[in-house]
2 protein chains.
Amino acid sequence: MDTRHMRYFVALAETLHFGHAAARMNMSQPPFSRQIAAIEKTLGARLFERNSRNVALTAAGRHFLEECRAVLADFDAACRDVQLVASGVKGELKLGFMMNAAYSVVPALVRLYSEKRPDVRLVLEERIPTDIEEMLIEGRLDVAVTFGGSPATHLRTTLLARDRLRLIVPRDHRLAKLDIAGPTDLATERLIAAPASVTPTLRDAIRNYCASPGVVPHFALEPRLQHTIIRLVAEGLGIALIPQSLCADLAEGLISRPIMDAPEFDIVLCASAASSNPAVPVLFEVAERLGGALSLRAPG
Amino acid sequence: MDTRHMRYFVALAETLHFGHAAARMNMSQPPFSRQIAAIEKTLGARLFERNSRNVALTAAGRHFLEECRAVLADFDAACRDVQLVASGVKGELKLGFMMNAAYSVVPALVRLYSEKRPDVRLVLEERIPTDIEEMLIEGRLDVAVTFGGSPATHLRTTLLARDRLRLIVPRDHRLAKLDIAGPTDLATERLIAAPASVTPTLRDAIRNYCASPGVVPHFALEPRLQHTIIRLVAEGLGIALIPQSLCADLAEGLISRPIMDAPEFDIVLCASAASSNPAVPVLFEVAERLGGALSLRAPG
DNA sequence: GCTGATTGATACTCCAGAGGTATGAAATGG
DNA sequence: CCATTTCATACCTCTGGAGTATCAATCAGC
């Protein structure tokens with residue numbers, strides 16, 4: 001049995017006439033009759049009730065007809081889809097992103113891309129930057145939105161936005177009274193920041209920022225998620241320097257302040273070396289078009 | 001492209017090794033390699049990223065693999081199901097029945113049959129007897145539960161139960177006082193009965209019953225459905241002779257009475273001449289086993 | 001850097017099976 | 001009863017899938 005046999009069967013089931021069905025299959029009637037007989041033999045059941053005058057489907061034939069139509073439709077669709085997937089018009093794209101990209105960059109990127117490639121299913125995975133890097137290398141992600149300047153071997157990288165550090169403190173904190181803070185203001189404070197194993201970029205930026213005037217930062221708590229950091233600051237357990245993009249909608253009781261000579265870092269789209277998903281290039285096109293135009297929401 | 005090619009592709013996608021995949025397909029490696037190349041050519045897309053050392057799926061290949069597995073599973077299932085349908089183990093059975101069979105005969109029949117043939121989907125169609133007969137002849141029904149003695153050309157018929165006529169009247173009707181009624185009691189009454197075009201069996205039985213002592217029945221109203229007849233009697237618009245099987249759960253305000261020498265009629269299972277559904281014979285087996293054992297509920 | 005082993009690609013041959021033509025057999029209609 | 005329609009059978013042809021032998025490229029180990 002093969003799909004060709006199924007097509008013969010469907011042709012006969014629809015015409016109920018060997019000659020016409022054979023013509024539809026662009027062949028002559030005798031070999032067509034033989035194929036139908038062969039199908040019935042290999043399947044081990046009569047599909048047609050026929051004499052030299054009339055052809056009719058049996059109950060098994062009627063049932064088989066339905067199944068054949070479905071199978072053939074799926075079969076043809078699968079074959080047709082291959083080119084679409086290969087050309088990146090259809091398929092699946094695994095996009096990783098870190099949390100501070102979730103607010104503005106990723107939604108804008110996803111919206112624009114989905115308009116251009118509605119048949120590509122975007123699988124979004126929010127992860128911490130170090131995991132993202134690992135997954136990119138292993139090919140478990142096709143692309144990711146993460147910090148620039150990573151040491152990983154990435155095929156392609158494009159700038160999406162620039163972000164900078166900003167101070168968040170409880171509303172009644174002494175630093176809340178300042179219009180702008182500097183490294184020395186942080187000297188006596190309990191700092192909350194993710195460990196270097198989670199986001200080396202941020203951790204290094206904070207340490208270098210404090211170290212420039214010789215301040216040794218005191219990291220009181222080290223949660224892994226930026227959301228947790230914000231939450232702990234709101235609980236009065238310390239203060240934090242976090243990406244400006246996360247300061248847009250702070251909880252009641254929290255306030256953010258700019259800092260002098262705030263460290264900046266790139267937020268980039270970067271492709272996996274391992275994956276060569278044909279849906280990726282268009283995402284980069286979209287990302288480049290978005291590029292500078294994209295401004296991260298600063299707090300009001 | 002054919003299912004055989006899909007199987008080759010799946011074998012290679014699963015082993016990622018031309019030699020092993022070829023062995024799994026019981027063939028040597030060179031023709032196998034050629035088939036894979038042919039597949040990629042006809043589909044117009046690379047499915048494998050390969051050099052003389054490593055084989056890996058492309059994105060298109062990964063997508064195609066999923067689709068191939070689904071298509072092949074459906075394909076094999078379709079081929080396997082044919083014998084099951086031909087042997088009556090699986091499939092669909094269109095069973096027509098008239099309303100007075102709905103209460104006891106059909107549920108018992110369906111329950112027993114479904115136990116024996118759980119993979120046969122029973123399509124139940126309640127119709128008036130004349131429609132049932134027409135549908136049986138045209139093959140739109142495979143079998144039906146209807147009155148016996150039909151003039152139609154039925155292949156096979158088996159007795160399911162015997163039913164008899166019974167009188168229903170409003171609770172305060174003068175005939176409600178009698179223990180048993182006879183034809184002459186009906187002479188002056190407004191009778192309600194379905195027209196002969198709907199159920200000739202019942203209509204003829206009622207007319208003959210009245211005619212035997214010379215009474216000419218007065219048919220006041222002629223609804224098509226037995227339910228409607230009962231409803232109209234409850235409204236006080238007349239009285240009716242209906243099958244005993246419909247007298248089990250009469251509405252408040254209605255009462256049923258036996259009648260003298262009540263006309264009886266067979267309720268039979270009969271097969272369509274046009275349809276030769278292999279699921280039918282087992283239904284007849286079940287029906288015969290049920291046969292005499294089945295007693296129609298008489299009113300308490 | 002050379003050598004042998006592994007693995008995919010190519011060249012050539014062979015044959016099963018799919019398709020063509022001619023024709024037979026059965027049923028239908030006038 | 002004959003012409004026509006329609007499915008089945010007989011026989012032939014040839015495409016295309018599969019086998020064998022072999023090449024080419026890559027990698028491991030010395």
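Chain letters run A, B, ... following the sequence lines, proteins first, then strands; residues in each count from 1.
Counting to the nearest Å, the P atom of C/dG8 and the CD atom of B/E40 are 13 Å from each other. When rounded to the nearest whole Å, the span between CG of A/D2 and P of C/dA16 equals 19 Å.
Checking B/S87 against B/Q83 by side-chain atom types alone, no donor-acceptor pair falls below 3.5 Å. Judged purely by distance below 3.5 Å, without hydrogens or angles, the side chains of A/E92 and B/H63 never pair a donor atom with an acceptor atom. Using modelled atom types, one finds no donor on one side chain facing an acceptor on the other under 3.5 Å when comparing A/E134 with A/T130.
A 4.0 Å heavy-atom criterion places the boundary nucleotides of DNA chain D facing chain A at D/dT5 to D/dT9, written 5' to 3'.
If you look at A/F48 and A/F9, their ring centroids are closer than 6.0 Å.
Judged by distance alone, the side chain of B/E40 and the main-chain N or O of B/L47 form a donor-acceptor pair under 3.5 Å. Under a 3.5 Å cut-off, the side chain of A/S272 and the backbone N or O of A/L136 do form a donor-acceptor pair.
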* Under the side chain to side chain donor-acceptor pair (under 3.5 Å) rule, what do A/D2 and B/T3 come out as? Steps first, then yes or no, please. => CA-CA 6 Å; A/D2 236 329; B/T3 49; 2.4 Å; yes

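Listed by first and then second residue, the salt bridge (charged side-chain N to carboxylate O under 4.0 Å, His left out) pairs involving residues 270-286 of chain B are B/K116-B/E285 (not counting sequence neighbours).
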* Letter per nucleotide, 5' to 3', of nucleotides 17-30 of chain C [B base touched, S only sugar-phosphate touched, - untouched; heavy atoms, 4.0 Å] -> -SBBBB---BBS--

